Amino acid sequence: MRGRIVATGSAVPSRILRNADLERMISTSDEWIAERTGIRERRVVPQGMASSDLGTEAARAALNTAGWDALDLDLILVATCTPDMPLPSTACFVQRNLKASRAMAFDVSAACSGFLYGLSVANLYVGSGACRRVLLVGAEAMSTITDWTDRATCILFGDGAGAVLIEPTSDDRGILSTHLHSDGAWWDLVCVPGGGSRMPPSDKMLAERQHFVKMKGNETFKVAVKTLEATAREALLANGMDITDVDLFIPHQANLRILNAVMERLGLDKERAVINMEKYGNTSAASIPLALDEAVRAGRVKPGTRILMAAFGSGLTWASAVVKW
Ligand code: UT7
């Protein structure tokens with residue numbers, strides 16, 4: 001037995017922050033951002049809206065599509081690096097909102113790779129027979145950990161959520177493989193240093209803006225290209241597939257130049273990639289399910305479609321998955 005995605009859903013906040021708006025906030029230009037990242041606009045939550053609000057909306061859309069009742073759910077997983085609170089988990093808030101009282105719920109913490117880590121966990125629970133109906137959400141309010149005075153990072157991130165429903169299948173479709181990797185030696189390439197047990201909240205920590213994302217952009221870029229290529233190749237090899245067997249490539253949406261470099265190295269033509277970062281920026285754990293839902297709604301995903309997913313992010317973490325729809 002393995003897991004099969006039966007429905008998708010997504011949600012983004014209505015407020016759009018365009019590159020032109022950023023030009024008024026920091027020393028940057030629409031041209032620089034578009035050229036260096038591929039991003040033109042991103043969504044931003046209003047004050048008081050949290051990751052679970054977006055995650056709940058995305059989950060409801062998926063449940064409606066599948067015709068499932070929230071009470072059918074056995075397991076709720078939320079991949080996020082912007083939890084509503086340090087505790088309880090964001091998954092417990094989604095469970096409460098959906099009134100999915102039968103489900104167990106917990107978060108998966110792997111930053112931008114979180115959705116693929118969650119897909120792996122869901123697949124194992126479903127494949128072992130421990131769970132029959134799983135909700136996996138990637139939900140982020142990245143704008144709440146973004147330093148809006150730091151032009152090197154604030155241009156990149158956006159808010160949103162995507163959700164998938166997973167049930168067991170014994171046919172040749174479904175989640176064919178997942179490959180997960182981590183290397184904590186690279187923890188400081190992308191991190192939020194303050195606010196946790198290492199550096200608890202204090203006036204000094206806040207004044208030094210340690211509660212916001214810090215990133216070594218250039219180094220991250222280089223590692224991202226290498227790890228994405230390696231984990232994509234590993235996924236193809238494990239499934240006896242060639243790059244030409246991939247119908248759709250759904251990568252984590254961090255930077256268009258990273259993706260162009262990876263696609264060139266893999267020999268994958270751009271028509272087969274689902275890229276929507278120009279509208280949403282880097283939504284971390286939400287980016288793959290958001291792009292997947294968009295591809296499903298656009299009719300790009302049909303029974304038998306072979307999808308390669310790949311992600312990298314803070315940790316460092318990196319991962320890939322092959323799904324046959
Ligand atoms: O999911 C999280 C993982 N993170 C990522 O995937 C991010 C990976 N890295 C990147 O996407 C890129 O490194 C960035 C887009 C963040 C930066 O692009 P870059 O080509 O690596 O630029 P850079 O940091 O090397 O900076 C080049 C120049 C610098 O000016 P000088 O020193 O050459 O005069 C920066 O100060 O660009 C300047 N710069 C900007 N200029 C206008 C940096 N940010 C901006 C900006 N607007 N927003």
Side-chain angles (χ1 to χ4, degrees), residues 17-42 51 79-82 108-117 138-160 162 181-184 186-193 212-232 250-263 275-278 280-291 309-320:
L17 188 71
R18 298 190 172 81
N19 289 351
D21 300 317
L22 288 169
E23 283 178 355
R24 288 188 283 275
M25 295 160 60
I26 45 165
S27 167
T28 191
S29 68
D30 172 37
E31 196 190 358
W32 193 95
I33 302 170
E35 244 173 45
R36 308 302 289 175
T37 71
I39 300 164
R40 296 205 170 266
E41 58 189 47
R42 69 286 293 142
S51 295
T80 186
C81 63
T82 50
V108 176
S109 175
C112 301
S113 309
F115 178 77
L116 295 185
Y117 270 63
E140 302 282 14
M142 294 302 289
S143 61
T144 62
I145 57 165
T146 296
D147 184 346
W148 293 102
T149 65
D150 176 14
R151 71 175 183 171
T153 56
C154 77
I155 56 162
L156 298 172
F157 299 106
D159 303 338
H181 299 277
S182 320
D183 189 346
W186 278 325
W187 70 271
D188 62 345
L189 288 192
V190 190
C191 64
V192 176
F212 293 127
V213 176
K214 313 286 174 205
M215 192 178 67
K216 296 180 179 168
N218 242 280
E219 274 177 74
T220 307
F221 191 107
K222 287 177 204 151
V223 179
V225 173
K226 276 191 210 143
T227 52
L228 281 174
E229 183 197 2
T231 195
I250 308 189
H252 168 51
Q253 318 273 317
N255 183 313
L256 186 58
R257 287 188 298 133
I258 292 177
L259 297 187
N260 283 341
V262 170
M263 288 189 285
I275 292 178
N276 63 2
M277 76 182 72
E278 70 281 1
Y280 302 120
N282 178 349
T283 56
S284 190
S287 79
I288 290 180
L290 200 55
M309 304 174 185
F312 73 96
S314 172
L316 284 186
T317 56
W318 62 103
S320 59

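We count residues from 1, following the sequence as given. All heavy atoms count here, side chains included; hydrogens, waters and symmetry mates do not. All of these numbers come straight from a predicted model, not from anything done at the bench. In listed order, ligands and their atoms are each counted from 1.
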Indicate, as side chain, backbone, both or neither, the part of T28 found under 4.0 angstrom from ligand 1 when only non-hydrogen atoms are considered.
both

What's the spacing between I155 CD1 and N282 CG if we round to 0.5 Å?
11.0 Å

Of N255, N218, I258, L156, which has the heavy atom at the shortest distance from atom 24 (O) of ligand 1?
N218

Which is closest to atom 16 (C) of ligand 1 by heavy-atom distance: A311, A152, A224?
A152

Working to the nearest 0.5 Å, report the span between CE of M309 and OG of S320.
11.0 Å

Determine the interplanar angle of the W318 and H181 rings, folded into 0 to 90°, and report it as parallel if under 30°, tilted if 30 to 60°, perpendicular if over 60°.
parallel

Proximity winner for atom 36 (O) of ligand 1, if only heavy atoms of M142, R151, E31 are counted
R151

Hey, what do you get for SG (C112) to CE (M142), rounding to the nearest 0.5 Å?
6.0 Å

Interatomic spacing from CZ in R151 to CH2 in W32 - rounded to 0.5 Å
7.5 Å

Contact partition for I26 relative to ligand 1, non-hydrogen atoms under 4.0 Å:
neither

Between M215, H252, E219, R257, flag the one that comes closest to atom 7 (C) of ligand 1 by a heavy atom.
M215

Proximity of N282 to ligand 1 by residue part, where a heavy atom lies under 4.0 Å:
side chain

Test of proximity, F157 against ligand 1: N or O pairs below 3.5 Å
no

